[in-house]
Engineer: 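The structure under discussion is supplied below as structure tokens; questions concerning it will follow.
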Amino acid sequence: MYACTQFLVSCDSSKKNATLLTIDMIVPVTLLVLSLFCLAVFRRTIRRARAPASLRQPTVEIRDAAAAHRALVSYADAFLNRPAVLPFTGPGRRRSDNLTTVPYGPQWRVFRRNLTGGILHPSRVSLLAPLQQKAVEALVADITARGAGEVVVRDVVHDALFPLAARLCFGDDIGERHVRALQRVLQEFVLDVAVKDFAGSMLLRLVHWWRLRRFAASRRRQAEVFLPLIAARPRTNHGDSGLIRPYVDSLLDLRVPVGDDADDAGGEGKEGHHSDHALTDDEMVGLVSEFLGGGTESVVSCVEWTLAHLVIQPDVQNKLRREIVDGERLCDDRGSTSPYLRAVILESLRMHPPVPLTMREVRSPQALEDLSLPAEGARVHFILGHIGRDGKAWTDPDEFRPERFMPGGEAESVGPLPGPKEVRMMPFGAGRRFCPGMGLGMAHAGLFVAAVVREFEWAPAASGGVDLTELDGFFKMMRTPLRARATPRRASK
Ligand code: HEM
């Protein structure tokens, strides 16, 4: 370097030129050193953030209904676990799971029983009615306040539904300010952590590293909002008082077995072999996030897609309205008292399942061999949208035709969950890990659709038609959010 500078100076008589040439050399050399340094730091970071083994396994996609049935029903015992898409472990850290990520076993059973035996238990449904009514009234009031103007459906439905999920989770006394803070961190999380797949080891690691950082940052922000609210819950009287017991209260009382691992797919009653511990902050944040996200985004997606089809097909909209107004019968938890409403919701879920894909990790040699999967084990992705539109299982699968779910229709006996004999659609998944929120999800979608169809006439926005292009992230959203004109029916009577 010194020799080089000497050479430049001796060749140039002008001091100004010598200085320029020296800078010419210094800048690229500095940049080179900096780049090498960054590359070294980057490589070390990437090496630390090694993608989980399951991300490096071969991935197989299942897109047809018969193959999905064979895997999830006939080989249910081999399809118990989801692959780890994000690392929940780290050096010196204990695994931290929620219900979606926890391996099948004692801990999964404790989480699942707590949710389905608590807030989601059918006996609590009537207790939820006042809160649900409040949410429906908020939605109608919000749309009414816009006059006969245009509505971005996703936004108004989200704003009405999220407070309901927040109340079920944190209690009815949660304040508006806190509800909105929760909504912000949850929405940011859903937009940030979209699940996509990448092949190729360097790119895979790069994407994984980036995803890891976004995930960790998002989780930190969630913890900042959730934990003070959880800490503010009264520490006593978590017994069931007969009123709605918020989900976090049940989590505060929960004891989960220690030492659970992926290979422990043992039968009922194994919990006694483990010692128990209270939930860690990480687990608490994960479970609350799952409850709020699962309970809101999927329902918003379902309502938006349903309304999109009702805007395009006014005949279906009018038929649905007639059923609702004539009978003044709203959807109950099974949606059984309004058959056409149920048919409309099912048709929407068939065509646009709010969760685009569900995954499993398969290691059982027998299942791998029988299903012709890679012998070293596989990640299996069930593409729910394709399964619901399988031309071998459905007539005109791309047409929105709720009548197919009505008596005499080709799908008269098809419900939201596949039975043991066949899979025609699986918007709530199938097998042991099917969605525990199915009843609540169906009920909320039915209540919201019924209310907005009863109160408003829906038509395309003046700015243009309805674009049915799908956008798959965590949830299946409309690429162009639905804008529609909502004219109050009562005024037009
Ligand atoms: C329209 C509404 C909903 C749809 C379409 C939906 C869809 C799904 C799907 C496809 C799965 C994966 C199932 C599988 O892998 O076989 C799932 C799992 C799950 N859902 Fe939902 N969901 C909805 C509402 C809800 C609600 C309201 C909650 C809770 C309040 C919820 C909580 C969960 C949980 C905890 C799991 C993981 C279950 C396990 O692994 O044991 N979901 N959901």
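Order of listing sets the numbers, starting from 1, for every ligand and every atom in it. From a predicted model like this one, the values you see are computed outputs, not experimental measurements.
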Engineer: With a cut-off of 3.5 Å and sequence neighbours excluded, list every side-chain donor-acceptor pair involving residues 170-183.
Structural biologist:
{"from": "Glu176", "atom 1": "OE2", "to": "Arg180", "atom 2": "NE", "distance (Å)": "3.0"}
{"from": "Glu176", "atom 1": "OE2", "to": "Arg180", "atom 2": "NH2", "distance (Å)": "3.4"}
{"from": "Arg180", "atom 1": "NH1", "to": "Gln183", "atom 2": "OE1", "distance (Å)": "2.4"}
{"from": "Arg180", "atom 1": "NH2", "to": "Asp159", "atom 2": "O", "distance (Å)": "3.4"}
{"from": "Gln183", "atom 1": "NE2", "to": "His158", "atom 2": "ND1", "distance (Å)": "2.8"}
{"from": "Gln183", "atom 1": "NE2", "to": "Asp159", "atom 2": "OD1", "distance (Å)": "3.1"}

Engineer: Do Glu403 and Arg401 meet the salt-bridge criterion of a basic N to acidic O distance under 4.0 Å?
Structural biologist: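 Salt bridge flag = no for Glu403 with Arg401.
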Engineer: Restricting to salt bridge (charged side-chain N to carboxylate O under 4.0 Å, His left out), what partner residues turn up for Arg154, sequence neighbours left out?
Structural biologist: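 In terms of salt bridge (charged side-chain N to carboxylate O under 4.0 Å, His left out), with neighbours along the sequence ignored, Arg154 is linked to Glu304.
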Engineer: Among Val156, Val299, Leu447, whose side-chain contact (heavy atoms from CB on, under 4.5 Å) with Leu161 holds?
Structural biologist: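 Of the listed options, the one satisfying the test is Val299.
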Engineer: Parallel, tilted or perpendicular, judged at 30° and 60°: which one describes the rings of Trp305 and His352?
Structural biologist: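 If you compare the ring of Trp305 with that of His352, the planes turn out parallel.
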Engineer: Assess whether a salt bridge exists between Arg70 and Asp370, defined as any Lys/Arg side-chain N lying under 4.0 Å from an Asp/Glu carboxylate O.
Structural biologist: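 Salt bridge between Arg70 and Asp370, a charged N being under 4.0 Å from a carboxylate O: no.
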Engineer: Could you tell me whether Lys476 and Asp472 have a side-chain N and a carboxylate O separated by less than 4.0 Å?
Structural biologist: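 Yes.
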Engineer: Which of these, Pro416, Ala443, Gly295, Ala430, has its nearest heavy atom closest to atom 27 (C) of ligand 1?
Structural biologist: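 Ranked by closest heavy atom to atom 27 (C) of ligand 1, first place is Gly295.
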Engineer: In ligand 1, which numbered atoms sit nearer than 4.0 Å to a non-hydrogen atom of Phe291?
Structural biologist: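 Near Phe291, the atoms of ligand 1 are 30 (C).
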Engineer: Would you say Glu290 and ligand 1 have an N/O pair spaced under 3.5 Å apart?
Structural biologist: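 Such a contact does not occur with ligand 1.
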Engineer: Do the side chains of Thr358 and Leu384 get nearer than 4.5 Å, heavy atoms only?
Structural biologist: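 When only atoms from C-beta onward are counted, Thr358 and Leu384 do touch, with a gap below 4.5 Å.
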Engineer: Are any of the N/O atoms on Arg432, whether in the backbone or the side chain, positioned under 3.5 angstrom from an N/O atom of ligand 1?
Structural biologist: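 No: no nitrogen or oxygen of Arg432 is under 3.5 Å from one in ligand 1.
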Engineer: Taking 4.0 angstrom as the limit, do Arg321 and Glu323 come out as a salt bridge?
Structural biologist: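 No.
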Engineer: Can you name the salt bridge (charged side-chain N to carboxylate O under 4.0 Å, His left out) partners of Glu347, sequence neighbours left out?
Structural biologist: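 Scan of Glu347 (salt bridge (charged side-chain N to carboxylate O under 4.0 Å, His left out), adjacent residues dropped) gives Arg350, Arg404.
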Engineer: Run the numbers for me: atoms of ligand 1, each under 4.0 Å from some heavy atom of Pro354, listed by number.
Structural biologist: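 Taking each heavy atom of Pro354 in turn, ligand 1 has 5 (C) under 4.0 Å.
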Engineer: Which is closest to atom 13 (C) of ligand 1 in terms of heavy atoms, Arg360, His444, Arg433?
Structural biologist: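 Of the listed residues, Arg433 has the closest heavy atom.
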Engineer: List nothing but the number: protein N/O/S atoms under 2.8 Å from atom 21 (Fe) of ligand 1.
Structural biologist: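 Counting protein N, O and S atoms closer than 2.8 Å to atom 21 (Fe) of ligand 1 gives 1.
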Engineer: Would Gln133 and Glu137 count as a side-chain hydrogen bond (donor to acceptor under 3.5 Å, both in side chains) here? Give the steps.
Structural biologist: CA-CA 6 Å; Gln133 189 55 32; Glu137 283 167 11; 3.1 Å; yes
Engineer: Would you call Arg389 and Glu470 a salt bridge, taking side-chain N to carboxylate O under 4.0 Å as the test?
Structural biologist: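 The answer is yes: the pair qualifies as a salt bridge.
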Engineer: Among protein heavy atoms, which sits nearest to atom 37 (C) of ligand 1, and what does the distance come to when rounded to 0.1 Å?
Structural biologist: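 Nearest protein contact, heavy atoms only, for atom 37 (C) of ligand 1 is Thr100 OG1, 3.6 Å.
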Engineer: Side chain, backbone, both or neither: which part of Arg112 has a heavy atom under 4.0 Å from ligand 1?
Structural biologist: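 Looking at Arg112 and ligand 1, just side chain atoms fall under 4.0 Å.
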Engineer: If we only consider heavy atoms of Trp108, is any one of them less than 4.0 Å away from an atom in ligand 1?
Structural biologist: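 Contact present.
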Engineer: What is the nearest protein non-hydrogen atom to atom 10 (C) of ligand 1, stated with its residue, atom name and distance?
Structural biologist: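 Checked against all protein heavy atoms, atom 10 (C) of ligand 1 sits closest to Pro427 O, 3.3 Å.
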Engineer: Return yes when Leu384 approaches ligand 1 closer than 4.0 angstrom through a heavy atom, no otherwise.
Structural biologist: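 Right, Leu384 reaches ligand 1.
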Engineer: Going by the closest heavy atom to atom 15 (O) of ligand 1, which one wins out of Leu72, Asn98, Thr358?
Structural biologist: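 It is Thr358 that holds the nearest heavy atom.
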Engineer: As a test of understanding, state which of Phe162, Phe111, Tyr247 forms a ring-ring contact (aromatic ring centres under 6.0 Å, His included) with Phe291.
Structural biologist: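 Running ring-ring contact (aromatic ring centres under 6.0 Å, His included) over Phe162, Phe111, Tyr247 with Phe291 returns exactly one hit, Tyr247.
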Engineer: Yes or no: does Cys302 have any heavy atom under 4.0 Å from an atom of ligand 1?
Structural biologist: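 The answer is no: ligand 1 sits nowhere under 4.0 Å from a heavy atom of Cys302.
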Engineer: Would you check whether Arg82 has a nitrogen or oxygen atom less than 3.5 angstrom from a nitrogen or oxygen atom of ligand 1?
Structural biologist: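 So ligand 1 has an N or O lying under 3.5 Å from an N or O of Arg82.
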